[in-house]
Amino acid sequence: MSEEKMVSLNTIDDQLIKKAADEGIETMWDRKKAMKAPCGFGEKGVCCRICGMGPCRVSPVAGKGAQKGICGATADTIVARNFARMVAAGTASHSDHARDIAHVLHMASRDGNYQVQDEKKLIALAQEWEVPTEGRDIYDVAHEVAEIALNEFGKPFGTLRFPDRAPAPRRKIWEELNIMPRAIDREIATIMHSTHMGCTSDAESLLRLSMRTSLANGWGGSMLGTELSDIVFGTSTPRMTEANLGVLEEKQVNILLHGHDPCLSEMIVAAAQDPEMIKLTEEVGAEGINLAGMCCTGNEVTMRHGVKIAGTFYQQELAVLTGAIEAVIVDVQCIFPSLAPITDCYHTKFITTSPKAKITGATHIEFNEEKALESAKVIVREAIENYKNRKQDKVFIPQSKAQAITGYSNEAVIKQLDRVVNSNIDPQGTVKPLADVIKAGVLRGAAGIVGCNNIKTKHEYSHIEIMKKLIANDVIVVTTGCAAQAAAKAGLLSKDAIKLAGKGLQAVCELVDIPPVIHLGSCVDNTRIIRLVSAVSEHLGVDNSDLPVVGVAPEWMSEKAVAIGTYVVSSGIDVFLGITPPVTGSPEFVDLLTNKIEDMTGAKFFIDENPLTLADKILERIEEKRTKLEARLAKEIDYGVIKPEEEVEETKELA
Ligand code: SF4
Ligand code: SF4
């Protein structure tokens, strides 16, 4: 890959990369260069080091070189096993994140730091789980719901609760495939067991295990993360914000919130508004405290509070290079350990807060959820007091930022849809308007564009090119994770972007009053997308795999993304990957992912590293699904399989 292709086109980034070079500071681009060509065995997924007889690396070319590991494992087994372990790690990350939120719900109290912010959502979940609510104190209900949630991780019998929310045909498929997820931790443990030396050595079986574990993520851990976060921290509503490194303020204490866990960041937001902290800010001569988010912690706080978005995953080092950040406060996941040496070059404090993510060279101030606000104030105080150490000659804040609207929870999306419901004819609070425009072809389809940045590709170029192409072709885009932040920076989350949409999408955006690209939150919030899709499927009386809907991860990099992609395909939605996963050493496994899995789930993976041709393939697949859906709906209505629209049972409430 050429050097030019590896560097972002964004001039802000280029300026900061140059600043790093001038100041002799190493960044990810330098490390990539030092790495030279990646190991071909690792790239193709054919190396194994899961036992002491290895490491083994087998030839990805049939009939040439070592064809088997010492134990006899073939390339197919090794690739499928490595893939399964990626799914397990991704599922563990999302699920452990959710577990912390369940604990916080369990400790919530009327006069505590954590409270129930969305009682309606709590009651709805309690009723779904048959927890008595009538005449009970809301906190007693909350604690019982939290306990049930915590049991979802390790209950000894039965299957998870949230898969009951999926459309009936989808649940049937999971049952027939025997991939209905049981307990969340159990699925992760089973993968680790089955991929131990001398266990499962069959690629298709390993894929099925991966599917079941990924479902324990999407319809388990991640869905719990989203639901419980909304209950404790509030269900978001649309709000304006700004995005890109230009959100940093010259005369304020800049705090970068990075990671994933809202249990910490919510308290930092509260602490930053505390009178004691504001007084201290004045004492150090700053004009205020400026919070700026990055990665999914950034998404969580921008969704709920409109906190500005500093940037995406790949900008974490660049943010420090501005020299204007007093503290980078992190919790868990996607945090470069290189932030320790980079922050050492400036006055910036790099503060780790979780025992799950300690980093050598960082200042560790453990966040104590029992005394959450006090604990957050200790951390914020460190940042404020550090303002006086800022070296003005090292400061460079790029003057660029874009307006964005964030905060579209599913509840907020449905509220927007209610704008076009004639309440004399149709009930409010359903996805019917969305189903109607998809069915009619005003919207050709919908795409969830999600995931990370990856140094293997030009940063954000793939996200933005694909989004632009899809909206121009009347495909509505919902987005989460760093893809959402890329969209924010490119101005695609603003209503100005409506002009980039095709005529059909333009009309919908104007009537419903939304941008053509809608920010649905963080990576765990991809579960909002699968719930929206499932609601539309149920409304139309079809399965998810019948809809012209796709998932896209143009620049994915993390194991979480692999788990997400797998649960999305397992949920019946095609997934388009812009980065090739490490599976190409096994033609059999590639065939399973990109072909045979469709026979099992009705959806499959597409892989293409060229974002422009990937976008074409997405549009082609959407039209293919449309044709089948239109024919099916026409036929079923003719034969009376589907009742006339007014008699169709209303979609379940999403909340
Ligand atoms: S499990 Fe088999 S392939 Fe893997 S390291 Fe051990 S001997 Fe080698
Ligand atoms: S999108 Fe990827 S890089 Fe960004 S926060 Fe999520 S997992 Fe991390």
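Just so you know, ligand 1 is whichever comes first in the structure, and atom 1 is the first atom listed for that ligand.
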*Heavy-atom contacts with His260 under 4.0 Å: which atoms of ligand 2 show up? List them by number with element.*
5 (S), 6 (Fe), 8 (Fe)
*Looking only at protein heavy atoms, identify the closest one to atom 6 (Fe) of ligand 1 and say how far it is in Å.*
Cys51 SG, 2.3 Å
*Numbering as shown, the atoms of ligand 2 that approach Met557 to under 4.0 Å (heavy-atom distance)*: 3 (S)
*Numbering the atoms of ligand 1 from 1, which are under 4.0 Å from a heavy atom of Met197?*
1 (S)
_Can you report which non-hydrogen protein atom sits closest to atom 4 (Fe) of ligand 1, along with the distance?_
Cys48 SG, 2.4 Å
*If you look at every heavy atom in Cys452 and Cys482, which pair is closest and at what distance?*
CA-CB, 4.1 Å
*Which pair of heavy atoms, one from Met294 and one from Gln485, lies closest together, and at what distance?*
C-NE2, 3.9 Å
*Closest approach of any protein heavy atom to atom 8 (Fe) of ligand 2, naming residue and atom*: Cys334 SG, 2.3 Å
*Give the numbers and elements of all ligand 2 atoms closer than 4.0 Å to a heavy atom of Phe313.*
3 (S)
*Give a yes or no on whether a salt bridge exists between Asp230 and Arg528, defined as a side-chain N under 4.0 angstrom from a carboxylate O.*
yes
*asked:* With a 6.0 Å cut-off on the ring centroids, do Tyr314 and His459 count as close?
replied: yes
*For Cys295, counting its heavy atoms only, list the atoms of ligand 2 lying under 4.0 Å from any of them.*
5 (S)
_Arg31 atom CZ: more than 12 heavy-atom contacts under 6.0 Å_ = yes
*Evaluating non-hydrogen atoms only, which member of Cys452, Gly481, Gly451, Gly259 is closest to atom 2 (Fe) of ligand 2?*
Cys452
_Do Arg85 and Thr195 pair up side chain to side chain, a donor and an acceptor below 3.5 Å, judged on atom types alone?_
yes
_Heavy-atom closest contact (Thr297 atom, Asp261 atom, distance)_ = OG1-N, 3.3 Å
*Can you tell me if NE2 on His196 sees more than 12 non-hydrogen neighbours from other groups inside 6.0 Å?*
no
*asked:* To check you understand the geometry: which heavy-atom pair defines the closest contact between His260 and Val332, and what is its length?
replied: ND1-O, 3.1 Å
*Find all atoms of ligand 2 within a distance of less than 4.0 Å from any non-hydrogen atom belonging to Cys482, and give their numbers and elements.*
1 (S), 3 (S), 4 (Fe), 5 (S)
_Residue Cys56, metal atom 8 (Fe) of ligand 1, N/O/S under 2.8 Å_ = yes
*If you count the atoms of ligand 2 from 1 in the order shown, which ones are under 4.0 Å from a heavy atom of Cys296?*
5 (S), 6 (Fe)
*Any atoms of ligand 2 less than 4.0 Å from a non-hydrogen atom of Ser558? List them with their elements.*
7 (S)
*Numbered atoms of ligand 1 (with element) below 4.0 Å of Gly54, judged on heavy atoms*: 5 (S)
*Short check: any N/O/S atom of Cys71 below 2.8 Å from atom 6 (Fe) of ligand 1?*
no
_Set out, in order, the CA-CA distance, both residues' side-chain angles and the distance that settles ring pair (Phe, Tyr, Trp, His ring centres under 6.0 Å) for Phe313 and Phe336, then state yes or no._
CA-CA 9 Å; Phe313 168 74; Phe336 276 14; 5.2 Å; yes
*For ligand 1, is Arg81 a contact, meaning one of its heavy atoms is under 4.0 Å away?*
yes
*Residue of the set Ile25, Ile342, Leu16 for which side-chain contact (heavy atoms from CB on, under 4.5 Å) holds with Glu317*: Ile342
*Heavy-atom contacts with Lys560 under 4.0 Å: which atoms of ligand 2 show up? List them by number with element.*
7 (S), 8 (Fe)
